[in-house]
Amino acid sequence: MGGDASSGAMGGQLLPGITVFSCNTSASGHSTFLLTGFPGLEASHHWVSIPINLISVVSILGNSIMLFLIRTDPALHQPMYIFLSMLAASDLGLCASTFPTMVRLFWLGVRELPFELCAAQMFFIHAFTYVESGVLLAMAFDRFVAIRDPLHYASILTHSAMAKVGAAILVRAVLFNLPGPILLRCLLFPQISVLSHCYCLHCDLVGLACSDTQVNSLVGLVSILLSLGFDSSLIMLSYALILQTVLSIASPGERLKALNTCVSHLCIVIIFYLPKLGLSVLHRVGKHSYPALAVLMANLHFLVPPFMNPIVYCIKSKQIRQCLLKCFQQKRVDVS
């Protein structure tokens, strides 16, 4: 996603009258980064951003409602739904990390972001992404235990065990992302640098640095492999074991019933990982040929999972639908 050090020189063309410092006179910690909207569509940013902002608002409302339902309804105090509440919380954190700069850029026209805010946003975006990946792995384990060993399901996935899993996921996300902002302070940046997106990402910032970035790149690669790479591998392994277990069931009806309990989780796994794959391919094939498409894909990469997760579970989960209808009926009775 990152550009190269020469990207900083673009700032002089985009903002006339601003002096862009070369790499020879750059200063660490005192840089200003310019957010990028949709190249070539600057005059229509308000209109283009309307669907993006609507998706963000719906994502915040949907995940907030999901958290409220799971918190207030005792029928949803089950391992699968507790993990779903963790997923909704991470989605809200991701929305809170990306939404402010998108509003600043698309509606207020403010592109400048100081180094400290940019590094903080980078940390929270990647941290919540790692949290979501870890929760998806925990949910895959939940489905594996429910199908493979249903008799011991309640004794394995106790509330204490789930609390420890949630704490471990959070600690891992913080530890893996904490070195990023710290190491960035050791790099030299032009006084003004142009980012590739409307928020700050680690690879983007590292690509704009003037000094040696081998350590930063290595740390970023290791953290991705040990989080997203590790999680996706174990998720695939869990589904291979689930499929093996399901195929050993004699009754076709029971097979279908067991597989149906995994459909919702499998959908959100695909929704989470597929945009990442598409964005990665686009950046290697046609980022410079289709810059607006690259920006759109990057926005969808962070907006689609929080938007779709509540919808998928509301459609597929009968218990959540019943709980939601119960809340609406109760409100109607109160109003009457």
Side-chain angles (χ1 to χ4, degrees), residues 59 62-67 69-71 73 75-95 127-150 152-173 176 226-246 257-276 302 304-321 323:
S59 300
N63 285 287
S64 298
I65 292 171
M66 191 73 67
L67 276 175
L69 294 177
I70 296 172
R71 173 69 179 84
D73 194 329
L76 299 180
H77 292 176
Q78 302 174 26
M80 181 176 70
Y81 297 109
I82 291 175
F83 284 132
L84 180 58
S85 69
M86 295 181 189
L87 186 70
S90 66
D91 284 337
L92 285 175
L94 195 58
C95 290
F128 282 117
T129 300
Y130 288 8
V131 167
E132 184 157 351
S133 177
V135 173
L136 289 177
L137 174 59
M139 294 174 79
F141 178 72
D142 167 80
R143 292 298 85 207
F144 168 72
V145 174
I147 293 174
R148 189 84 173 218
D149 195 5
H152 296 91
Y153 177 73
S155 61
I156 294 174
L157 290 172
T158 61
H159 284 212
S160 174
M162 288 185 293
K164 291 176 182 177
V165 169
I169 291 171
L170 187 60
V171 169
R172 184 191 71 163
F176 280 1
L226 292 179
S227 55
L228 300 182
F230 179 76
D231 294 347
S232 59
S233 300
L234 288 184
I235 289 173
M236 286 190 290
L237 176 62
S238 69
Y239 270 101
L241 295 174
I242 287 171
L243 188 60
Q244 182 185 42
T245 304
V246 169
K257 184 178 178 181
L259 286 175
N260 193 47
T261 64
C262 300
V263 170
S264 299
H265 177 255
L266 191 57
C267 286
I268 62 176
V269 167
I270 293 172
I271 290 169
F272 180 76
Y273 284 103
L274 195 59
K276 294 182 184 298
F302 289 111
V304 170
F307 174 74
M308 289 300 300
N309 292 346
I311 295 175
V312 168
Y313 268 93
C314 280
I315 292 173
K316 294 298 297 179
S317 174
K318 183 180 179 181
Q319 283 182 288
I320 290 180
R321 290 200 307 271
C323 183

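Nothing here was measured: the structure is a model prediction, and the numbers come from that model.
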Asks: List the residues meeting ring pair (Phe, Tyr, Trp, His ring centres under 6.0 Å) with Phe176, not counting sequence neighbours, and say none if there are none.
Replies: none

Asks: Just jot down the side-chain hydrogen bond (donor to acceptor under 3.5 Å, both in side chains) partners of Tyr313, sequence neighbours excluded, or say none.
Replies: none

Asks: So which pairs with a foot in residues 84-94 pass salt bridge (Lys or Arg N to Asp or Glu O under 4.0 Å), sequence neighbours left out?
Replies: none

Asks: When rounded to the nearest 0.5 angstrom, what is the spacing between NE2 in His265 and OG1 in Thr261?
Replies: 11.0 Å

Asks: Could you list the residues that satisfy side-chain hydrogen bond (donor to acceptor under 3.5 Å, both in side chains) with Ser317, not counting sequence neighbours?
Replies: Tyr81

Asks: Enumerate the side-chain hydrogen bond (donor to acceptor under 3.5 Å, both in side chains) contacts for residues 157-166, please, sequence neighbours excluded, ordered by first and then second residue.
Replies: none

Asks: List in chain and number order the residues that pass side chain to side chain contact (heavy atoms under 4.5 Å, CB included) with Ile315, two or more places apart in sequence or in another chain; answer none if no residue qualifies.
Replies: Ile311

Asks: As an exercise, state the distance from CD1 of Ile320 to SG of Cys323, rounded to the nearest 0.5 Å.
Replies: 8.0 Å

Asks: List for me each residue that meets side chain to side chain contact (heavy atoms under 4.5 Å, CB included) alongside Pro310, sequence neighbours excluded, and say none if there are none.
Replies: Asn63, Met66

Asks: Atom CG of Leu67 and atom CG of Leu92: how far apart are they, to the nearest 0.5 Å?
Replies: 5.5 Å

Asks: By side-chain hydrogen bond (donor to acceptor under 3.5 Å, both in side chains), which residues pair with Arg148, not counting sequence neighbours?
Replies: Thr245

Asks: Taking only distance into account, with no hydrogens and no angle test, what donor-acceptor pairs under 3.5 Å do side-chain atoms of residues 132-144 form with protein atoms, sequence neighbours excluded?
Replies:
from, atom 1, to, atom 2, distance (Å)
Glu132, OE2, Asn309, ND2, 3.3
Ser133, OG, Asp231, OD2, 2.7
Ser133, OG, Tyr273, OH, 2.9
Asp142, OD1, Tyr153, OH, 2.4

Asks: Using the test side chain to side chain contact (heavy atoms under 4.5 Å, CB included), find all partners of Ser233 that sit at least two apart in sequence or belong to another chain.
Replies: none

Asks: How long is the gap from CG on Leu69 to CZ on Arg321, to the nearest 0.5 Å?
Replies: 13.0 Å

